[in-house]
Amino acid sequence: MAANIPQRFTESDISDEAVRSTCDDASICKRFASSIGYWKDPYIQYFVRQTGERKAPEINRGYYGRVKGVNHLLDSFLKQTKCNCQVINLGAGLDTTFWRLKDEELLPRKYFEVDFPMVVSRKTLCIKTRAPLLKPIIETHSSDSILIDSHGLDSDRYSVIGADLRDLPVLEEKLKKCNLDTQLPVVLLAECVLVYMAPERSANLVRWAADTFQTAMFINYEQVNMADRFGQIMVENLQRRQCTLAGVEVCRSLETQKDRFLLNGWENASAVDMMSVYNSLPRDDVSRIEKLEFLDEKELLQQLLQHYCICWATKDSNNLGLADITF
């Protein structure tokens, strides 16, 4: 009988579901690290329950470097454009950056998030049912009603869109329906997103962004130096969870990371591993967080940080000085 049951789930379906599960992994790690004082995030508690399970100190410090590093580049772009710009967070998951920017008076003209429809449905339900999340959106909206349902959210300053980043015509259509202005400067964020796409797919996305916006920055956080044994172990661990790093060949080195942008329409590209980012962060704050937990194996932290990087690319037709943004 079993042989006659139709095949309902393809290998791609299973892989996509595994990728969606990484959203929970990252959110749980961020919730834990912020709860013990690595950084302040009063909003993540409304998206993620505290599990009670401790995360290893090197994981917490790794997320600290990730959050602080991405925020540094994003905030630099916002200040350089005087917030007269847009943010598109690709594969945003349960990210809370919109609320942080509002609190810090760094909100762009509009903040867009894109993720799988299933993730978006979950996020919009949290927003709709939790006043501390909904109130800041209402405060930045000019009319009485905000469009919010299981398919997404659209307000004057914030939109959450369900779309597959591999389907660029639909992605562009949905962004424009939420009033994306292709003439305004834009910064695109991607944290551990492109690595789950085949290289030609991520190249298409990167090229689309370069072709669509004349003044733009793309901030990409993901793995690097994946050809060595430590990198292979990382890949094998994910494969055991049926999570395939389809774009891992682009993660061979900092040079291959930059080339993805330089070969697809971007004027400038830089890349640094997370050890360099960690070492560039304000020493007083790093000293503070290093006192939160004892780290027994500093070599493990160094190995971990050397296998992640931030790559950022710019094109600057308005001569805003975007190429000067760095660590």
Least distance between heavy atoms, N268 atom then L262 atom: C-CD2, 4.0 Å

Can you tell me if [X] uses its side chain to pair, donor with acceptor, with the backbone of [Y] under 3.5 Å?
X	Y	result
K315	A210	yes
R61	I59	no
R66	Y221	no
T215	P185	no
E58	L300	no
S35	F32	yes
Q86	L180	no
H72	S76	no
D41	Y43	yes

Selection residues 174-187 - residue pairs positive for salt bridge (charged side-chain N to carboxylate O under 4.0 Å, His left out), sequence neighbours left out: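 Applying salt bridge (charged side-chain N to carboxylate O under 4.0 Å, His left out) to every pair that reaches into residues 174-187, excluding sequence neighbours, yields E172-K176.
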
Would you call [X] and [Y] a salt bridge, using N to O less than 4.0 angstrom?
X	Y	value
K110	D154	yes
D285	R288	yes
D156	R109	no
K123	E113	yes
D228	R252	no
R100	D75	yes

Whether over 12 other heavy atoms sit under 6.0 Å from E236 CD: yes

R201, CZ: over 12 other non-hydrogen atoms inside 6.0 angstrom: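 Atom CZ in R201 is not packed in, count stays at 12 or less.
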
Which value, rounded to the nearest 0.5 Å, describes the distance between [X] atom [atom1] and [Y] atom [atom2]?
X	Y	atom1	atom2	answer
F261	S270	CZ	OG	11.0 Å
C311	R260	SG	CZ	7.5 Å
L165	Y196	CG	OH	13.5 Å
L305	N225	CG	CG	12.0 Å
F47	D95	CZ	CG	9.0 Å
Y38	E290	OH	CD	8.5 Å

With a 4.5 Å cut-off on side-chain heavy atoms, are [Y] and [X] touching?
X	Y	answer
Q223	H307	no
L74	V187	yes
L238	T244	no
Y308	V277	no
V224	L254	yes
L171	V114	yes
I88	F213	yes
Y46	T96	no

Ring centre gap for Y158 and W99 strictly below 6.0 Å: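 Ring-ring flag for Y158/W99: true, centres closer than 6.0 Å.
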
Pair W208 and F218, ring centroids less than 6.0 Å apart: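 So the answer is no for these two rings.
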
Modelled atom types, side-chain donor and acceptor of D273 and S276, under 3.5 Å: yes

Option among D316, L188, L73 that satisfies the side-chain contact (heavy atoms from CB on, under 4.5 Å) test with M217: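 So, applying the side-chain contact (heavy atoms from CB on, under 4.5 Å) to M217 and each of D316, L188, L73, only L73 qualifies.
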
Partners meeting salt bridge (Lys or Arg N to Asp or Glu O under 4.0 Å) with R240 (sequence neighbours left out):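 Residues passing salt bridge (Lys or Arg N to Asp or Glu O under 4.0 Å) with R240: none at all.
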
Residues Q257, D259; criterion side chain to side chain donor-acceptor pair (under 3.5 Å); working and verdict: CA-CA 6 Å; Q257 285 282 4; D259 284 347; over 6 Å; no

